[in-house]
Chemist: 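Can you keep this structure in mind? I'll have questions shortly.
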Amino acid sequence: MPEIAITLPDGSERSLPEGSTGGDLAASIGRRLAKDAVVVVVDGEPRDLAAPLADGESVRIVTIKDPDVAEYLRHSTAHVLAQAVLNLWPGATFAGGPAIENGCYYDFELPGGATFTDEDLERIDAEMRRIIAADQPFERFELPLDEARELMADHPYKRVFMDLAAAGESADGEVSGGETISFYRNTPEFVDMCLGPHVPSTGRLANFRLTRHGGAYFRGSEQNPMLQRIYAVAFPTAGELEAFLHQQEEAAARDHRRLGVELDLFSFPEEVGSGLAVFHPKGGIIRRLMEDYSRKRHEEAGYEFVYSPHITKADLFETSGHLQWFAEGMFPPMEIDAPESADGEGAGTSYYLKPMNCPFHILIYRSRMRSYRELPLRMFEFGTVYRYEKSGVVHGLTRVRGMTQDDAHIFTTKEQMADELGSILTFVLDLLRDYGLDDFYLELSTRPPEKAVGSDEEWEEATSALRGAAESMGLELVLDEGGGAFYGPKISVQARDAIGRTWQMSTIQVDFQLPQRFDLNYVGADGERHRPIMIHRALFGSVERFFGVLVEHYAGAFPAWLAPEQVRVLPVADAHLDYALQVAAQLRGGGARVDVAPADETLGNRIRRAKGEKLPYVLVVGDDDVARGTVGVNPRGGEVERDVPVASFAERLAADVAGRH
RNA sequence: GCCCGAGUAGCUCAGUUGGCCAGAGCAGCUGUCUUGUAAACAGCAGGCCGUCGGUUCGAAUCCGACCUCGGGCUCCA
């Protein structure tokens, strides 16, 4: 029998009979490997274990232990999900079902426009486990386009994918544009169109959980019908699934919406309106400290502070272009002196709530002639803006309709731009670190393919300046090709929090458009007028959002410098109250935020309350302390210490605050 | 904006197929207790059952609209 030669990743060669598959290869190496093999990667291309190998190919066997394997498991899990739904809902049809981070989803259309319920997920889960227990094989086959369309006669969305691919357009990875269409068959009844590869059989899939269901537009467009999507998470091992679910629980316990209520930080009164927050006194302390520190650092970094009103006449946003491009995201206008109240003479004036601060800062710039000697000119404002976010997107403090941006606009010459971008980025990252975030990556968004203002040279110059600044930070840089706004490229800073979630924080955006629209200029050393370049820069993004991120990052346990109440002094009995008040006064004299909880309740209960409120320090004072001038220190997350002199505790607290711990 | 779900006391939740006075725990208040490190005891008070309309002899419960919240899609200048 003729043999083929296969190269393995370690460079060694193996001979196998012609027609051997990846599975045969694994079996020829070892029984254990054959059992653990999931797919093979042939000359860089993933394939099914059952696909025949050819002479001279390089093959890597992907096993259950391989980090790449999750993607295949997830994709195969999606097929099982689809089969389960089609089994349970005769007449249902299905659209796309890709693997995604941590799992997969599948989109369906149920007969009669039905939707899924939570109970349905349980039924589907049970059916999926039945399919997995049956250990159905994934069998690949290919058909020419016309036969493929025939096979999917009952599934119009699948045929849309085929047509898209045939027309050379993106089919969302569901099908490629070749001569034939590939399918996978699990049972005589269930076939799904798919590029593959898949695990050899459904028995390999066990560690999944259905998580959510909801509506989703076909191919993500509001123009298309809404399908019903089911999400699953899936992992190679039960341990990974458990770990993931545990992490989800941990994240839920940190949810700033929940902690905001529990810790009495902020609320969203229904009477005020959706997406409009009020900050309670404890949240107010944190917010003020955040803002104060930011102001101090901005002042040191050469920013000048400006202020602007919350509303303005429509003209300003006509000039800026906001009404042309973003009117949908703005609150509707207030009509002042409308025609009916002005005896029909003349049009009324429209005032808008501002969605951005930049036009105001531009007017300040333009209020007089500017010299190159003034540049870079850095204007900073905690500017409150209002955006009419769509009703379905408002979410806690992270997506609101009224927010305060820590907004700065920097006007520079073209020559200064690169240096300025570098120092802004350094400034931003340093400041974020002071707030306790220290794990970042950067994203560079470049010119969008279609609409864009500014010349190619300008884009190139600004983009490379941004890239240079980003690279000099020594951080991971992700390219977001074509993801920039039409008016200029940008860098966004993504921060990973204490449990590894990423949040988009600061953005640094170059703007070619507004200096033009407002005809900004400065007089250069040559006596000629030149156009400045404008950089938009927000560090927190919005104070509200950053507040929410910090709540989640710290799980509500704010470091001493931000904690609303840093210390609570608990007298053991009434007899020790005077001493407790004295200790509190002494600490307060050093600038600490201290309260005393009198002995109306048991000590244990007062400790419990203070712990629930996540105070950095609880001090207990009794007879011994009164006698010796000491305190008992019960630090958050630490061991109780007795007989600590008040002065040394005060020093410790001061050190915490100074070190932002 | 679209699809699904939910709104009962400050918070977390019970409230059977529509049937008198709507319940609990925690929090709050008042007493008693005076305590050395995560829940002392007793009592009191607290709700137009999200809002408006409808069905009904009768609505927290059924129907509709609206508001708000949660999940998903789209969006996030």
Side-chain angles (χ1 to χ4, degrees), chain A residues 105 107 109-110 113-121 211-231 252 255 257-258 261-262 264 267-276 317 320-330 355-356 358 385 387-396 398-401 403 484-488 490 504 507 509 511 513-514 536 541-542 545 570-577 598-613 618-625 631-635 639-643:
Chain A
Y105 68 79
D107 289 341
E109 191 174 73
L110 299 181
T115 56
F116 293 113
T117 64
D118 292 353
E119 293 70 45
D120 288 338
L121 290 194
T211 51
R212 301 182 224 281
H213 60 92
Y217 298 111
F218 179 55
R219 303 196 63 231
S221 168
E222 285 175 301
Q223 315 305 319
N224 288 337
M226 180 159 281
L227 306 176
Q228 298 302 313
R229 176 172 298 177
I230 294 178
Y231 284 93
D255 193 313
R257 294 168 300 181
R258 175 177 157 172
V261 176
E262 284 176 10
D264 197 15
S267 62
F268 291 90
E270 201 175 320
E271 295 84 341
V272 178
S274 179
L276 298 167
F317 292 121
S320 68
H322 286 99
L323 281 171
Q324 185 190 344
W325 299 97
F326 308 116
E328 263 183 25
M330 295 169 65
M356 291 187 103
C358 32
V385 299
R387 299 179 183 182
Y388 192 76
E389 300 288 358
K390 289 200 261 179
S391 62
V393 308
V394 171
H395 182 89
T398 59
R399 196 77 182 272
V400 292
R401 285 181 169 166
M403 60 174 165
F486 70 92
Y487 55 83
K490 71 170 175 193
Q504 177 172 326
T507 56
Q509 169 97 50
D511 189 337
Q513 186 195 220
L514 287 178
H536 304 250
S542 84
R545 185 183 144 79
L570 312 182
V572 171
D574 282 348
H576 315 112
L577 180 60
D600 298 337
E601 293 176 284
T602 58
L603 182 63
N605 202 33
R606 284 178 287 154
I607 301 259
R608 179 173 158 270
R609 279 176 195 269
K611 294 293 176 184
E613 292 173 47
V618 178
L619 302 185
V620 175
V621 294
D623 288 337
D624 298 350
D625 299 294
V631 293
V633 179
N634 185 335
E639 295 293 308
V640 172
E641 299 157 53
R642 293 286 299 269
D643 306 320

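Every chain is numbered from 1, with letters handed out A, B, ... down the list of sequences.
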Chemist: Between A:Lys390 and A:Glu222, does any side-chain N to carboxylate O distance fall below 4.0 Å?
Modeler: yes
Chemist: Examine distances only and state if a side-chain atom of A:His213 and a backbone atom of A:Tyr231 form a donor-acceptor pair shorter than 3.5 Å.
Modeler: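 Flag not set: sc A:His213 to bb A:Tyr231 has no pair under 3.5 Å.
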Chemist: Specify the closest pair of heavy atoms between A:Asp625 and A:Gly632, including all atoms of both residues, with the distance to one decimal.
Modeler: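 Smallest interatomic distance, heavy atoms only, reads OD1-N, 3.7 Å.
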Chemist: Look at the side chain of A:Arg545 and the backbone N and O of A:Arg399, then say whether any donor-acceptor pair between them is shorter than 3.5 Å.
Modeler: no
Chemist: Using the C1' atom in both, what is the distance from B:rC21 to B:rG58, to the nearest Å?
Modeler: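 Per the computed distance, 16 Å lies between those C1' atoms.
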Chemist: Between protein and nucleic acid, restricted to nucleotides 5-7 of chain B and to nitrogen or oxygen atoms under 3.5 Å apart, what atom pairs and distances do you find?
Modeler:
none

Chemist: To the nearest 0.5 Å, what is the distance between CG on A:Asn605 and CG on A:Asp600?
Modeler: 11.5 Å
Chemist: Sticking with atom C1', work out how far B:rG47 lies from B:rA60, rounded to a whole angstrom.
Modeler: 11 Å
Chemist: Which whole number of Å gives the distance between the C1' atom of B:rC49 and that of B:rA6?
Modeler: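 Their C1' atoms lie roughly 14 Å apart.
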Chemist: Are there any protein N/O atoms within less than 3.5 Å of an N/O atom in nucleotides 61-63 of chain B, and if so, which ones and at what distance?
Modeler:
none

Chemist: Using both pair distances under 3.5 Å as the test, note the stems of at least 3 consecutive Watson-Crick or G-U pairs that include RNA chain B.
Modeler: B:1-7 with B:67-73, B:10-13 with B:23-26, B:28-32 with B:40-44, B:50-54 with B:62-66
Chemist: Which heavy-atom pair separates A:Met403 from A:Ser542 by the least distance, and what is that distance?
Modeler: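 Looking at all heavy atoms of both residues, the closest pair is SD-CB, 3.4 Å.
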Chemist: C1' atom, B:rU8 versus B:rC48: distance in rounded Å?
Modeler: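 Looking at atom C1' only, B:rU8 and B:rC48 are 12 Å apart.
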Chemist: For residues A:Asn634 and A:Leu619, determine if any side-chain heavy atom of one lies less than 4.5 Å from a side-chain heavy atom of the other.
Modeler: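 No, side chains not in contact.
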Chemist: Say we look at B:rG19 and B:rG25: how far apart would their C1' atoms be, to the nearest angstrom?
Modeler: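 Taking atom C1' in both B:rG19 and B:rG25, they lie 28 Å apart.
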Chemist: Rounding to an integer number of Å, can you tell me how far A:Tyr105 OH sits from B:rC3 C1'?
Modeler: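 That distance rounds to 16 Å.
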Chemist: Whole angstrom is fine here: how far is it from CG in A:Leu276 over to C1' in B:rU68?
Modeler: 12 Å
Chemist: Measure across A:Val400 and A:Glu389 and return the closest heavy-atom pair with its distance rounded to 0.1 Å.
Modeler: O-CG, 3.3 Å
Chemist: How close or far is atom P of B:rC33 from atom CZ of A:Arg606, stated in whole angstroms?
Modeler: 16 Å
Chemist: Would you check if the side chain of A:Gln509 reaches a backbone N or O of A:Gly488 as a donor-acceptor pair within less than 3.5 Å?
Modeler: yes
Chemist: Provide the distance between the two C1' atoms, one in B:rC33 and one in B:rG43, to the nearest whole Å.
Modeler: 15 Å
Chemist: If you measure only the distance, is there a donor-acceptor pair under 3.5 Å linking the side chains of A:Asp623 and A:His576?
Modeler: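 Result is yes, a qualifying pair exists.
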Chemist: Taking all atoms of both residues into account, what is the closest heavy-atom pair of A:Pro598 and A:Pro571, and its distance?
Modeler: CA-CG, 4.1 Å
Chemist: Base contacts versus sugar-phosphate-only contacts with protein, heavy atoms under 4.0 Å: please encode nucleotides 37-47 of chain B as B, S and - from 5' to 3'.
Modeler: BBBB-------
Chemist: Please report the interatomic distance CZ(A:Arg608) to OG1(A:Thr602), rounded to the nearest 0.5 Å.
Modeler: 9.5 Å
Chemist: What is the distance, rounded to the nearest whole Å, between atom CD of A:Glu613 and atom C1' of B:rC11?
Modeler: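 Rounded to the whole Å, the gap is 14 Å.
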Chemist: I need the minimum non-hydrogen distance between A:Ala599 and A:Val572, along with the two atoms involved.
Modeler: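 Closest approach of A:Ala599 to A:Val572: CB-O, 3.9 Å.
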Chemist: For a quick check, with a 4.0 angstrom heavy-atom cut-off, what is the B/S/- contact string for nucleotides 69-77 of chain B, read 5' to 3'?
Modeler: SSBBBBBBB
Chemist: Give the rounded distance in Å between these two atoms: CD of A:Glu109 and C1' of B:rC3.
Modeler: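 Between C1' of B:rC3 and CD of A:Glu109: 13 Å.
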Chemist: Please identify each residue that fulfils salt bridge (charged side-chain N to carboxylate O under 4.0 Å, His left out) with A:Glu270, with sequence neighbours left out.
Modeler: none
Chemist: Pick the C1' atom in B:rU12 and in B:rG70, then give their distance to the nearest Å.
Modeler: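 It works out to 16 Å between them.
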Chemist: Using 4.0 Å as the upper bound for N to carboxylate O, is an ion pair formed by A:Glu262 and A:Arg258?
Modeler: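 A salt bridge links A:Arg258 with A:Glu262.
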Chemist: I'd like to know if the side chain of A:Arg387 reaches the main chain of A:Pro355, judged simply by a donor and an acceptor atom lying under 3.5 Å from each other, with no hydrogens or angles considered.
Modeler: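 Flag set: sc A:Arg387 to bb A:Pro355 pair under 3.5 Å.
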Chemist: Nearest heavy-atom pair of A:Asp120 and A:Phe116: which atoms, and what distance?
Modeler: OD2-CA, 3.4 Å
Chemist: Write down the distance separating the P atoms in B:rU37 and B:rC44, rounded off to the nearest Å.
Modeler: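 Nearest-Å result for B:rU37 against B:rC44 at atom P: 33 Å.
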